Q: 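After the structure tokens below, expect a handful of questions from me.
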Amino acid sequence: MIATKIRARARAVETFLLTEQLAPYGVAMSRILAGAAYLGILLTNFPVRQLLFGAASDWNGPLREHDRIAPWAGILAHLPGPVFTLVYLVVIALGIAFVLGWHTRVAGVLFLFGVIQILEMNPLVSDQGDNILRIGVLFLLLTECGSVWSLDARRGLPSKRSHARTLMHNAAVIALGIQVVTVYIAAAMFKIPGIGWREGTAIAYPLRSDAYQVWPFLNDLVTSSGVLVWAVTYAAVFLQLYFPVLLLNRSTRRVALGAIIGLHLGIAVLMGLPWFTLAMVAFDGIFVSTSTYLTARRLLDRLLGRWLGRLPWRVS
Amino acid sequence: MSTAPLTPPPTRAARAAVWFALALVVFHSAAIALWVSPNNLLKDRVGYDRLRSYVVPLFDQAWSVFAPEADNGYHLFEIRGTLRSADGTETQSSWIKVTAREVGPQLRYHPFPARTLLITDRLASDQLRIFTSLSEKQKEVVHVSGVGVTTALQGERLIAAAINGAERENARAYTRTELAVEGFLSGIARAVWGAEVVAVQYRQNEVFVPTYQRSHGSEQVTSGYQFVSNVRPLAHLDDADRSAFGRYVDTWDIR
């Protein structure tokens, strides 16, 4: 009896993973936001590209040679300045194609390769946002992230769905979901032994440092209240630690996603880390249900009228 | 959460593939979870090298972000140049707080800052951290490096002073960081003082936020100088370097 039930359940899992795509709109949103985060990094560093990554970055050579992630991540070293600028612009163009979903898979593979090459020219100034973007986009390239909200979908490309592709998509979505949850749990576990996190004062320190003050009056507003400092500090730890549990129920999932996105927005605005934030929010996006995305799009359609209808994401 | 089902029904091979794919996902996720977790018994049993061989390079990550203690400040590099005039006389410039030109002005009211604001904070932090890991004998080598001793020569002396592989590796790590420090600060010095500058010296301290409960404002305090380098020759700079550093320093309100 039990064996029969297990077999039936296993068969249902097999059928589901071979025939239905998990989170088709979630991965499309992740593609758009993760691509935008990478583009943001490239564009905000464009004026100092030679000093950080290009022809004038040899000061960083000893660290680059030792710290880069792999021998293949160094092909841009010693390029003349104008050639490096050309490569930089091509990678930006590939990023725009990836965000818009134009030849999504090819553009995505080339974009990821190019952006890794650029950022690995200077590991000294990298952050964990670079890591989660590299890992997350790598998973996205295994999914059908260009099947909706993309120029590919707008062009009405014939569907190439098959059991193999659907399975690869679903396995990548599951792996990406577990990766995101792992990030939050690990981040919480490292915080818990910290005195500042236990006392409820931890967030006050970076917020009061010049190294993280974009809008000093906003930081002062937050840190002037001990209760607020305590509440945000504790919320950050508990939200990260219990994030996977909160995802299990529809109502708590909405609360968890809303709170974690709010936390990230706070980090972006108060601490000047917009691209790290956007990267994290991008991959949180796979946990938002298709019905929520479609409802949000209908609302946007209604609010913005026909203007929105001309944009690529009008295609479902 | 999902799209309309595919037809025709899956074959037996396809069904077997599902479990293979799920096994891969479980294996990968377990490896990542162990890699990013704090030190623990299972992680030790599996072994750092074995985990690393799977995770690095594509899946490398670390999530001890703002932990166990949140960042409470930054490391401040100051430099001064040795300036040689046309008649050959040499003078010392006044000290310039390089990092203070980066972390504050490049971030304040700039919600989308460039990564240049991280350079000297991280260089200074790495340099001090690795210096601290040197043996007493190696630290002495650094301290007695006099005027004109290059980073490369100092590196050779540090390796000669090492008594085992770990100390040799520390010496190499320290020299790598020093070369980067010297290269970057040479570019800054050339951009600030022009062709007159022939040597550079740096020192560093920490700017940090005092204990929250005792603080009634956002004042930050400064530690004593934790490291003062020797006066060393300027690193080689080509046209591209001079141009890029010049444009960068032009954005500072310094000259």
Side-chain angles (χ1 to χ4, degrees), chain A residues 14-15 17-24 44-45 47-48 50-52 55-56 59-60 62-63 66 69-70 81 124-125 128 131 135 138 161 163 166-167 171 174-175 178-179 182-183 186-187 189-191 193-196 201-206 208-211 213-214 220 272 274 289-290, chain B residues 1-3 5-6 10 14-15 17-18 21 24-25 28-29 32-33 36-38 56-74 103-104 107-116 118-119 121-122 176 179-180 183-184 187 209 212 218 220 240-241 244-245 248:
Chain A
E14 291 165 357
T15 305
L17 291 178
L18 288 165
T19 61
E20 296 187 52
Q21 282 182 2
L22 286 164
T44 50
N45 289 293
V48 286
Q50 302 291 358
L51 186 67
L52 284 178
W59 58 268
N60 168 60
L63 300 178
H66 185 264
I69 61 170
L124 179 75
V125 293
Q128 289 304 318
N131 282 339
I135 295 162
L138 197 61
R161 286 182 65 194
H163 290 142
T166 304
L167 177 59
I174 293 168
I178 296 172
Q179 167 69 68
T182 303
V183 168
M189 288 177 76
F190 279 106
K191 287 186 177 76
I195 294 170
T201 59
I203 66 138
Y205 293 99
R208 285 190 164 184
S209 166
D210 280 342
Q213 289 194 352
V214 185
D220 288 346
S289 69
T290 293
Chain B
M1 285 289 283
S2 59
T3 55
L6 274 171
R15 292 185 180 279
V18 168
L24 278 181
V25 169
H28 170 83
S29 303
I32 298 300
V36 302
S37 64
V56 176
L58 287 179
F59 299 106
D60 190 22
Q61 54 194 295
W63 296 104
S64 53
V65 182
F66 293 106
E69 301 302 337
D71 286 6
N72 70 340
Y74 60 93
V103 294
L107 182 62
R108 194 154 297 184
Y109 309 121
H110 294 92
F112 304 104
R115 291 187 170 184
T116 41
L118 301 170
I119 294 174
D121 176 21
R122 291 197 175 171
R176 278 195 298 273
L179 284 169
F184 188 78
V209 177
Y212 178 68
S218 55
Q220 294 159 74
D241 294 327
F245 275 100
Y248 179 52

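Owing to the predicted nature of the structure, the values given are computational and were not obtained by experimental measurement. Every chain is numbered from 1 and lettered A, B, ... according to where its sequence line falls, protein lines coming before strand lines.
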Q: Looking just at side-chain N and O atoms, do Gln213(A) and Arg108(B) make a donor-acceptor pair shorter than 3.5 Å?
A: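 Indeed, the side chains of Gln213(A) and Arg108(B) share at least one donor-acceptor pair under 3.5 Å.
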
Q: Counting heavy-atom pairs closer than 4.5 Å to chain A, which one of Pro38(B), Gly187(B), Pro113(B) comes out on top?
A: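 Heavy-atom pairs under 4.5 Å are most numerous for Pro38(B).
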
Q: For a 4.5 angstrom cut-off between non-hydrogen side-chain atoms, does Ile119(B) reach Trp59(A)?
A: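 When only atoms from C-beta onward are counted, Trp59(A) and Ile119(B) do touch, with a gap below 4.5 Å.
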
Q: Ile178(A), Leu124(A), Thr182(A): which one forms the most heavy-atom pairs within less than 4.5 Å of chain B?
A: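 Heavy-atom pair counts peak at Leu124(A).
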
Q: Just by distance, do the side chain of Gln220(B) and the backbone of Asp210(A) share a donor-acceptor pair under 3.5 Å?
A: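 Side chain of Gln220(B) to backbone of Asp210(A), a donor-acceptor pair under 3.5 Å: yes, one is there.
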
Q: Is it the backbone or the side chain of Ile195(A) that comes under 4.5 Å from a heavy atom of chain B, or both, or neither?
A: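 Looking at Ile195(A), backbone and side chain both touch chain B.
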
Q: Check step by step if side chain to side chain contact (heavy atoms under 4.5 Å, CB included) holds for Phe59(B) and Asn131(A).
A: CA-CA 8 Å; Phe59(B) 299 106; Asn131(A) 282 339; over 6 Å; no

Q: Non-hydrogen atoms of chain B under 4.5 Å away: do they reach the side chain of Leu52(A), the backbone, both or neither?
A: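 It is the side chain, since no backbone atom gets that close.
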
Q: Is it the side chain or the backbone of Val36(B) that comes within 4.5 Å of chain A heavy atoms, both, or neither?
A: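 Its backbone and side chain both get close to chain A.
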
Q: When only pairs under 4.5 Å are counted, which of Asp71(B), Leu118(B), Val25(B) shares the most heavy-atom pairs with chain A?
A: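 Looking at each of Asp71(B), Leu118(B), Val25(B) in turn, Asp71(B) comes out on top.
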
Q: Non-hydrogen atoms of chain A under 4.5 Å away: do they reach the side chain of Ser37(B), the backbone, both or neither?
A: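 Just the backbone, heavy atoms under 4.5 Å.
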
Q: If the condition is ring-ring contact (aromatic ring centres under 6.0 Å, His included), which residues does Phe66(B) pass it with, not counting sequence neighbours?
A: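 Listed in chain order: Tyr212(A).
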
Q: Looking just at side-chain N and O atoms, do Thr15(A) and Arg15(B) make a donor-acceptor pair shorter than 3.5 Å?
A: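 There is such a pair between these side chains.
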
Q: With a 4.5 Å limit on heavy-atom distance, are the side chains of Tyr212(B) and Arg208(A) in contact?
A: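 Result yes, sub-4.5 Å side-chain heavy-atom pair found.
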
Q: Using non-hydrogen atoms and a 4.5 Å limit, figure out which bit of His110(B) sits close to chain A: side chain, backbone, both or neither.
A: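 Contact with chain A involves the backbone of His110(B) alone.
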
Q: What are the two closest heavy atoms between Ala70(B) and Ala202(A), and how far apart are they?
A: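 That closest heavy-atom pairing would be CB-O, 3.4 Å.
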
Q: Would you please name every residue forming a salt bridge (charged side-chain N to carboxylate O under 4.0 Å, His left out) with Arg176(B), sequence neighbours left out?
A: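 Checked Arg176(B) against salt bridge (charged side-chain N to carboxylate O under 4.0 Å, His left out); matches are Glu169(B).
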
Q: With distance as the sole test, does Gln128(A) use its side chain to make a donor-acceptor pair with the main-chain N or O of Gln61(B) at under 3.5 Å?
A: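 A pair under 3.5 Å: no.
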
Q: Side chain, backbone, both or neither: which part of Val48(A) has an atom under 4.5 Å from a heavy atom of chain B?
A: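 Answer is side chain: those atoms of Val48(A) sit under 4.5 Å from chain B.
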
